[in-house]
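Below, chains carry the letters A, B, ... as their sequence lines are ordered, and counting in each starts from 1. Computed over heavy atoms, backbone and side chain alike; hydrogens, waters and symmetry mates excluded.
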There are 2 protein chains.
Amino acid sequence: MATTMSDVARAAGVSVMTVSNVINGRPRVGPDTRARVLGVIAELGYQVNLTARGLRAGRTGTIALIVPRFDHAYFGGLAARLTAGLESVGLHLVVEQSGASPEGELAALSLARLQMYDGVLLSVVGLDAAAVDRIQSTVPVVLIGERDLPPRFDHVTMDNVEGARQAVEHMLRSGARRVAIVGGEVGTPSRTMGSRRTLGWRLAHESLGMAPDPDLLIEIPEVEAWAGAAVVEQMLERGLAVDGVFAVTDEVATGVLSGLHRAGLSVPEDVQVVGFDNLAIGEHLVPRLTSVDPDHDAMVDAMVELVRRRIDADGAELEPRHVVLPSRLALRDSTR
Amino acid sequence: MATTMSDVARAAGVSVMTVSNVINGRPRVGPDTRARVLGVIAELGYQVNLTARGLRAGRTGTIALIVPRFDHAYFGGLAARLTAGLESVGLHLVVEQSGASPEGELAALSLARLQMYDGVLLSVVGLDAAAVDRIQSTVPVVLIGERDLPPRFDHVTMDNVEGARQAVEHMLRSGARRVAIVGGEVGTPSRTMGSRRTLGWRLAHESLGMAPDPDLLIEIPEVEAWAGAAVVEQMLERGLAVDGVFAVTDEVATGVLSGLHRAGLSVPEDVQVVGFDNLAIGEHLVPRLTSVDPDHDAMVDAMVELVRRRIDADGAELEPRHVVLPSRLALRDSTR
DNA sequence: ACGGGCAGGTATAACGATAAACCTTCCGAG
DNA sequence: CTCGGAAGGTTTATCGTTATACCTGCCCGT
């Protein structure tokens, strides 16, 4: 139905190849011919078929970002920044959600989709490690975030341990004695995001010669605001003494702030709170949220750089690179 | 580089067509042949090339959602819901951002991209009306949100006027006398989101026999939290008396709450606040935010339905449908 | 006058998958 | 014994672009 190149060629009285040459700004076309072809294109409203071009050229100019959830603000921010970062180097970003329905099943299904892109940025938070290992793709894949990952992939992550350590240390140094971690992970330290941030919580105590109370390591069913609120309620019901909370993400911290407020506790006077991610919303919570700032721009730059490097290498074997970017604390009003 | 169907065909000693038939579960294949082909596929790690399939079949099974900003929570929620809604009817969603860099230029550029999809859901908030009119696509396009829109497109929107009216009426009925609209639009009522919600604000006053003070119609440079906070600060500096705020979105309301808190005013005692969109975050703000709930699920259902209808019609002319879904107020603690 | 080269264009063959038509066997009914 | 047809495949022709090779004048240097 849509007009094709040969429609244009016929109408302009030239060969399709000439139309192609005009569209792509290639040299071998005379000025009058070029003008005529452009005229016909405008008249017919012709648009190149990117599917056909992609098939023939073997490249689509498109990068995919695959996130577990669209409705987590962290990924919204990441996607926005990446769109800009990639556009500045002539690449286009599309975003897909992996964790839709039956656990990880999607991750398997979408494997074929990856072929459609020139590169894939895959957020592995909440993704089955086995699913990631199953990726046998020829397209460049850059992993984002922490997990037990096959080291054969490029990988960009923030410094979870050090960021968490700074957050907790700050509360301890400003007088907190019982700092809980909400969203921590009990058990063998693996390389998941939660376990790394839990390690930072431990290290902060140790560096000050203190031992963290295991009761203050609190797990949550989902890394979301409601879970943060629910946990605070339970803590207080159980009569657990707490004067500091390190929430593993700003979303959780949002729930924690809300829970504390409802319990009649004031922040930072009664309880200090620190989040992680330094989302824009932190600036507008009540009180404004102190948070670990992962240097979003540097992360995006690293992702863009890594994926470009592989695209330019054109499939040649490259030593995988693992980039860890420093985090620093953004101080606001939820800490003393 | 990637293995193709003919690699598989050769290794299995059959024709490519048979491989295709196996992959697509078509009948004319014997059980033993099928098993052999599947074995080779697994062994070689073959994945169908969706670009090629898309070109030949003329369909990709993929729908695009185009949003102005990834980092606005409303769109994150919409994308998440749509992913689920489309997946349940066998369609896959990808999301792109339109409003990246030089104003709207992208909107023009990405026009060719639309061809790659079986359907496009286009959020027109903040999009140039002329740009929308320039769309001369053969793919089904469903417009989302309000604007001066060419009526030739299908269109889904929430009831902005009535939602806003209910929000403001609620505050007026619970004692507020000076209700500001933050993010309103002055001037000729057009069909933009802001102007419709402003109309609701007017109507609420009129239905109670009151006249809104024009000074309480407050514009903002961006529909974001920081703008809401800044506006509150300015209002109070100017000594403007206010005992109710209708913020045009929950993001703006978040900023308003933060601004009021910093000014030492308490919500809802001194000032009532209502937002719009009923985002998940509203539940966790301090205080919990009363908001207009646009019935997100019904909107998603309508979008899915409209785009499917056009896909099934296979390009045939269809009367464009304009769906407006009712909004209702979700009462929480920021109002009395 | 002749060959080389360049400007301006065309013809052909893919890219990888699929729709549609076609080709064998083999089997059972009449 | 013959013929219709089902089962199980294969062949061929595209889908819309682009890479590559190729063609045709014509101008210019020697």
How close or far is atom P of C:dG16 from atom CD of A:Gln115, stated in whole angstroms? 11 Å

With sequence neighbours left out, write down each residue that passes salt bridge (charged side-chain N to carboxylate O under 4.0 Å, His left out) with B:Asp154, or none if nothing qualifies. B:Arg309, B:Arg310

What is the distance from atom OG of B:Ser123 to atom CG of B:Leu143, rounded to the nearest 0.5 Å? 9.0 Å

Before you tell me yes or no, could you show the steps for A:Val40 and A:Tyr46 under side-chain contact (heavy atoms from CB on, under 4.5 Å), namely the whole-Å CA-CA distance, both residues' side-chain angles and the distance that decides it to 0.1 Å? CA-CA 8 Å; A:Val40 173; A:Tyr46 167 76; over 6 Å; no

How close or far is atom C1' of C:dA19 from atom CD1 of B:Ile23, stated in whole angstroms? 16 Å

Separation of B:Leu50 atom CG from C:dC15 atom C1', in whole Å? 15 Å

With hydrogens left out and only the distance checked, is there a donor-acceptor pair under 3.5 Å joining A:Arg56's side chain and the base of C:dA14? yes

A:Val95 versus A:Val67: any side-chain heavy-atom pair under 4.5 Å? yes

The answer to which of B:Asn21 and B:Ala52 contacts DNA chain D further toward the 5' end, by nearest nucleotide, is B:Asn21

In whole angstroms, how far is the C1' atom of D:dG16 from the CG atom of A:Asn49? 6 Å

Name the nucleic acid region contacted by A:Thr4, choosing base, sugar-phosphate or nothing; use a 4.0 angstrom heavy-atom cut-off, strictly under. sugar-phosphate

Aromatic ring pairing B:His296/B:Tyr74, orientation class (parallel under 30°, perpendicular over 60°, tilted between): tilted

Applying side-chain contact (heavy atoms from CB on, under 4.5 Å) to B:Arg53 and B:Asn24, what does each step give before you reach the verdict? CA-CA 11 Å; B:Arg53 174 183 284 175; B:Asn24 296 283; 3.4 Å; yes

Please confirm whether the shortest side-chain N or O distance from A:Ser20 to OP1 or OP2 of D:dT17 is below 4.0 Å. no

Option among A:Val94, A:Val307, A:Ile66 that satisfies the side-chain contact (heavy atoms from CB on, under 4.5 Å) test with A:Tyr117: A:Val94

In whole angstroms, how far is the P atom of C:dG16 from the CG atom of A:Leu55? 7 Å

Check the phosphate of D:dG9 against B:Arg28, side-chain N and O only, distance under 4.0 Å to OP1 or OP2. Yes or no? no

What is the distance from CE of B:Met5 to C1' of C:dC15, rounded to the nearest Å? 14 Å

Here the residues of residues 30-45 of chain A within 4.0 Å heavy-atom distance, strictly under, of DNA chain D are none

Quick one: does B:Arg53 reach the base of C:dT18 with a side-chain donor-acceptor pair under 3.5 Å? no

Atom CZ of B:Arg113 and atom P of D:dG16 are separated, to the nearest Å, by 19 Å

Is there a side-chain contact between B:Ser15 and the phosphate of D:dG9, meaning an N or O under 4.0 Å from OP1 or OP2? no

Hey, is CZ on A:Arg152 packed in by over 12 heavy atoms from elsewhere, all under 6.0 Å? yes

B:Tyr46 side chain near C:dA17 phosphate (N/O to OP1/OP2, under 4.0 Å): yes

Does a side-chain N or O of B:Asn24 approach OP1 or OP2 of C:dT18 to a distance below 4.0 Å, or not? yes

Rounded distance in Å - CZ (B:Arg10) to P (D:dT10): 14 Å

Over all strands shown, is A:Val48 touching base, sugar-phosphate only, or nothing at heavy-atom distances under 4.0 angstrom? sugar-phosphate

